[in-house]
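Everything below concerns the one structure shown next.
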Amino acid sequence: MRIGYARVSTYDQNLDLQKDALTQAGCERIIEETASGKNVERPGLNSIKEILRAGDVLIVWRLDRLGRSLKDLIEWMNYLDSKEVAFKSLEESIDTSTSTGKLIFHIFGALAEFERNLIKERTQAGLMAARARGRLGGRPKSLDKDKRKTVAQLYQDGKLSVMEICEMFQISKPTLYKYVKQVKEMENKS
């Protein structure tokens with residue numbers, strides 16, 4: 001069986017492009033997930049492990065959909081190999097059912113990790129340079145202190161759902177929980 005795995009990092013992103021490509025590649029089943037690639041433990045990947053059988057093919061749109069580090073990707077390849085499952089990445093034209101495909105997988109994985117490390121190094125260097133000039137990095141807070149307290153109070157009251165509060169203040173769920181935690185910590189210090 002051909003099983004596809006489609007992943008986006010945030011709820012703002014759309015899976016349609018990946019799903020269309022996986023369907024066109026002949027996937028009989030597509031597992032969809034919204035999760036950061038940094039998270040090694042992802043429910044969608046866990047369900048794939050339960051589904052895959054010897055002779056199956058796991059197909060992804062791009063290599064970075066499966067994992068963000070070379071170590072993670074190689075662990076996946078070793079797992080798939082031990083289960084006699086082939087792997088295909090559509091954008092990179094990788095097919096581990098062939099020896100050439102296995103070699104190309106390792107080369108692309110190494111290059112992808114190298115690129116991520118370069119980006120990380122440039123970002124860190126930029127932040128250090130900004131700090132040296134007295135500027136702080138990061139995104140400015142979307143809500144002032146009073147509004148953050150209001151968000152935390154609405155959450156604690158329990159009269160509105162998390163989604164209603166998020167929509168009201170145009171913030172994400174993680175941001176709401178972060179504000180609740182910050183307000184709670186400030187109250188504990190008082």
Side-chain angles (χ1 to χ4, degrees), residues 1-124 139 161-163 166-167 171-178 180-181:
M1 179 178 354
R2 292 172 159 256
I3 299 169
Y5 175 67
R7 180 186 64 79
V8 290
S9 299
T10 67
Y11 289 99
D12 298 341
Q13 296 171 327
N14 192 314
L15 287 166
D16 291 344
L17 175 66
Q18 293 179 54
K19 290 190 317 189
D20 290 347
L22 293 170
T23 301
Q24 192 172 0
C27 291
E28 300 160 51
R29 188 164 179 190
I30 298 174
I31 305 298
E32 301 173 21
E33 186 158 53
T34 302
S36 172
K38 290 186 290 188
N39 302 335
V40 177
E41 283 298 317
R42 289 179 250 153
L45 288 179
N46 291 336
S47 67
I48 283 176
K49 285 183 175 180
E50 294 173 15
I51 297 168
L52 290 172
R53 302 289 177 254
D56 287 348
V57 180
L58 175 61
I59 303 175
V60 295
W61 176 61
R62 284 182 38 170
L63 206 51
D64 64 355
R65 299 300 85 201
L66 186 62
R68 289 178 68 180
S69 74
L70 181 58
K71 179 181 174 263
D72 293 341
L73 291 170
I74 289 174
E75 284 176 10
W76 260 100
M77 289 307 106
N78 289 336
Y79 173 80
L80 295 174
D81 195 41
S82 73
K83 298 294 181 186
E84 299 177 13
V85 173
F87 172 77
K88 284 189 177 188
S89 176
L90 301 176
E91 285 294 299
E92 291 91 359
S93 300
I94 296 172
D95 181 353
T96 64
S97 64
T98 68
S99 297
T100 304
K102 286 181 183 180
L103 172 66
I104 290 171
F105 163 77
H106 287 286
I107 292 170
F108 273 108
L111 291 173
E113 184 174 29
F114 176 70
E115 179 183 18
R116 279 190 302 279
N117 288 336
L118 284 178
I119 291 168
K120 184 178 176 183
E121 288 173 9
R122 285 193 300 260
T123 301
Q124 293 299 321
R139 185 185 308 176
S161 72
V162 169
M163 289 308 297
C166 290
E167 288 173 9
I171 58 174
S172 67
K173 285 196 286 188
T175 300
L176 179 142
Y177 294 127
K178 181 178 74 173
V180 169
K181 182 179 176 186

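Predicted model only: the values in this text are computed from it and were never measured. Note: hydrogens, waters and symmetry copies are ignored here, and every other heavy atom, side chains too, is used. This chain uses plain numbering: 1 for the first residue, then up along the sequence.
Leu45 has its side chain out of reach of Arg7: every pair of non-hydrogen atoms, C-beta onward, lies at least 4.5 Å apart. In this structure, the side chains of Leu90 and Ile59 come closer than 4.5 Å at one or more pairs of heavy atoms.
Looking at Thr123, its side chain does come within 3.5 Å of a backbone N or O of Ile119 through a donor-acceptor pair. Judged by distance alone, with hydrogens and angles left aside, the side-chain atoms of Glu33 form a donor-acceptor pair with the main-chain N or O of Gly44 at under 3.5 Å. Within the 3.5 Å criterion, the main-chain N or O of Ala25 finds a donor-acceptor partner in the side chain of Arg2.
For the salt bridge (charged side-chain N to carboxylate O under 4.0 Å, His left out) condition, the pairs that include at least one residue of residues 90-99, sequence neighbours left out, are Lys88-Asp95. Applying the salt bridge (charged side-chain N to carboxylate O under 4.0 Å, His left out) test to pairs two or more places apart or on separate chains, those with a residue in residues 47-63 are Arg62-Asp64.
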(request) Quick one: do Leu52 and Ile3 satisfy side chain to side chain contact (heavy atoms under 4.5 Å, CB included)? Show the steps, please. (result) CA-CA 8 Å; Leu52 290 172; Ile3 299 169; 3.6 Å; yes
(request) Under the side chain to side chain contact (heavy atoms under 4.5 Å, CB included) rule, what do Val85 and Val57 come out as? Steps first, then yes or no, please. (result) CA-CA 6 Å; Val85 173; Val57 180; 5.8 Å; no
(message) Between Ile30 and Leu15, is the side chain to side chain contact (heavy atoms under 4.5 Å, CB included) condition met? List the steps.
(response) CA-CA 11 Å; Ile30 298 174; Leu15 287 166; over 6 Å; no
(request) Would you sort out whether Phe87 and Val60 count as a side chain to side chain contact (heavy atoms under 4.5 Å, CB included), showing the intermediate values? (result) CA-CA 8 Å; Phe87 172 77; Val60 295; 3.5 Å; yes
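Closest approach of Trp76 and Ile48 over heavy atoms only: CH2-CG2, 4.4 Å. Nearest heavy-atom pair across Leu73 and Leu63 is CD2-O, 3.7 Å. In terms of heavy-atom proximity, Arg42 sits nearest to Arg65 at NH1-O, 3.4 Å. The shortest non-hydrogen separation linking Tyr79 to Ser82 is O-OG, 2.7 Å. Considering every non-hydrogen atom in both Ala86 and Ser97, the closest pair reads CB-CB, 4.0 Å.
A distance of 8.5 Å separates CG of Asp72 from CG of Leu66, quoted to the nearest 0.5 Å. A distance of 4.5 Å separates CG in Leu17 from CH2 in Trp61, rounded to the nearest 0.5 Å. In this structure, CG in Leu22 is found 11.0 Å from CD1 in Ile31, a value given to the nearest 0.5 Å. Note: Leu58 CG to Lys83 NZ = 14.0 Å, rounded to the nearest 0.5 Å. Of the inter-residue distances, the one linking Glu75 atom CD with Asn78 atom CG reads 8.0 Å to the nearest 0.5 angstrom.
The local environment of CD in Gln24 is sparse, with at most 12 non-hydrogen atoms from other residues, nucleotides or ligands closer than 6.0 Å. Within 6.0 Å of atom CD in Glu84, 12 or fewer heavy atoms from other residues, nucleotides or ligands are found, so the atom counts as exposed in its surroundings.
For the residue pair Arg29 / Tyr5, no side-chain donor-acceptor distance below 3.5 Å is found, with atom types taken as modelled.
For Glu32, the salt bridge (charged side-chain N to carboxylate O under 4.0 Å, His left out) partners are Lys19, not counting sequence neighbours.
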